[in-house]
Amino acid sequence: MRGYQLPPSKCIAMMKLLAFCLFIISLINIPLAEARIRHYKWEVKYEYRSPDCYKKLVITINGRTPGPTILAQQNDTVIVEVKNNLLTENTAIHWHGIRQIGTPWFDGTEGVTQCPVLPGDTFVYKFVVDRPGTYLYHAHYGMQREAGLYGSIRVALPDGQSEPFAYDYDRSIILNDWYHKSTYEQAAGLSSTDFQWVGEPQSLLIQGKGRLNCSTANSPLKADVCNNTNPECSLYSMTVVPGKTYRLRIGSLTALSALSFQIEGHNMTVVEADGHYVEPFVVKNLFIYSGETYSVLVKTDKDPSRNYWATTNVVSRNSTTPPGLAIFNYYPNHPRRSPPTLPPPGPLWNDVDSRFNQSLAIKARKGHIHSPPATSDRVIVLLNTQNEVNGTRRWSVNDVSFNLPHTPYLIALKENLLHTFSQTPPPEGYDFANYNISIDQEDNNGTTSDAIYRLQFDSTVDIILQNANSMVAEVSETHPWHLHGHDFWVLGYGRGKFDRINDPKKYNLVDPIMKNTVPVHPYGWTALRFKADNPGVWAFHCHIESHFLMGMRVTFEEGIERVGKLPSSIMGCGETKHFREP
């Protein structure tokens, strides 16, 4: 029996119908390829390592620091099973730059969105990476981030889509500073009535590697503690092929330091910041603050018979920390072959103008501009202050230093446990008329609070970060502020005290970049705008580890009634102990 065949006219009609359906799918931008599930299993534990030749306990993920890079495509689901083998410490991991739309409980912020993961327990994070770009992950418990628990997230476009810039190869680099004292020693000194500042870091690391000169350290170090022949502390080497264009995804997870990054003899074209395309501009030194990510394009068009230095230097602090070094290795030169030149000096540490100008230069790329709302519904001014509270030194906002409650906010709000934290709203400004931001205040006394800002869902909120003098004469520090759960428009930067009448008239409403982390420069201000359209509870804080520990943070709630059923895995602390299912 012969098979049935459609008449030619019906075949043509069906082909036209199929073509029309594909056309409609392309118009509404539904990807034809199914999103994938990316599954990772991590063991988090302490191990002895020598990242800068000095041997100490560090936190590793599957034996590595930095941890494994998460590779995914837009709209993929990422599942990370975290086994806490730290033995005596809790932990939590934050997915820095991932907005957690629909999964606020997996933001990884201990005390805000979840209870910590106990020693011996396994916690499963599951979330969608909804935008392409360069992101980070790191511990969000105590000061564990600076002990080595961090890594990169690289989200590519779906198959068949392309970036608005061309490159041949893609690399990720994390910049970090490194202390030899344990985080316990540092935290104890910071919280003591006999205040002990953490001091300047001993080293700068590039992709987890540095090299302390053991013989010229502040005091000679024994060979079993510091050994420059240890292969663990050989400099990081990035091998490149001559005549190509490289996309370098550069992230900073420093505990304290603002940095510059440069590659000897090479220009860098900035094309992305915190997952958003930048109108390209060229730099020799890239200034980068803790929590920021950038993509830069580098052409390998120099003399291929030699290698070149990649260096990083501390800026914004008169630091004693030596530069971080790596080798930009032109193939086929040996990757450990030192360049024939001295490492180039970095920019002056106190050159505020250059850093300020780079901030102003970062605009949204033409054709990829997300226009901000023309006006806001609410303005919150956050004065960055340093205070004395009950005999301890604290960092504060509007003279109020933040304390976490025992019950995470997300659970307390969803389960109506409002008695677990203060219901007195935190201040939305300061004494604008009389506060002199340029001097150490006569009265530095502050208070503590665990109150939060309650935002109307889908409202537009402006945040003005106002910097000021610290409790040290003529010192105003650079503070990088990171917002969880959102990107914000950077409307402007300014010097001196923010003028509530005239400065908003100068906002960039045409092509502002969107970011999740932004600096406020010494004695200056930074203006941000965001939509409170992501139901949940979200932290906003200085990304300097010691400042965060000392209370420089706030918390926003929005649309809590729209949050779905909370997983029992985030419970088990404070008043949620009986909520957790076995």
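Bear in mind that the values here come from a model prediction, so they are computed numbers and not experimental data.
- Disulfide status for Cys226 with Cys214: present, SG atoms under 2.5 Å apart.
- In this structure, Tyr137 has its ring center under 6.0 Å from that of Trp42.
- Tyr294 does not carry Arg249 over the face of its six-membered ring by the limits of under 6.0 Å from the centre and within 45° of the normal.
- Geometric assessment of Arg145 against the ring of Tyr150 yields a negative cation-pi assignment under the 6.0 Å and 45° thresholds.
- Seen from the ring of Tyr40, Arg38 does not count as a face-on cation partner, given the 6.0 Å and 45° thresholds.
- Considering Asn516, Thr526, Asn384, Thr517 as possible partners of Trp481, the one that fulfils the side-chain hydrogen bond (donor to acceptor under 3.5 Å, both in side chains) test is Asn384.
- With 3.5 Å as the limit, one finds a donor-acceptor pair spanning the side chains of Tyr523 and Asn469.
- Residue Phe548 forms a ring-ring contact (aromatic ring centres under 6.0 Å, His included) with just one option from His138, His140, His543, and that option is His140.
- A cation-pi arrangement is present between Lys55 and Tyr48 under the rule of less than 6.0 angstrom and at most 45 degrees off the ring axis.
- A cation-pi arrangement is present between Lys56 and Trp178, with the terminal nitrogen or guanidinium carbon under 6.0 Å from the aromatic centre and inside a 45° cone about the axis.
- Annotation for Arg336: atom CZ does not count as buried by contact number, only 12 or fewer foreign heavy atoms lying within 6.0 Å.
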- Audit row: Lys515, Asp487, salt bridge (Lys or Arg N to Asp or Glu O under 4.0 Å) steps and yes/no: CA-CA 5 Å; Lys515 295 182 94 271; Asp487 292 328; over 6 Å; no
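- Taking the six-membered ring for Trp and thresholds of 30 and 60 degrees, His479 and His547 have ring planes inclined between 30 and 60 degrees apart.
- If you look at Tyr125 and Trp95, their ring centroids are closer than 6.0 Å.
- With Glu264 as the partner, the salt bridge (Lys or Arg N to Asp or Glu O under 4.0 Å) test is satisfied by one option alone out of Lys284, Lys302, Arg306: Arg306.
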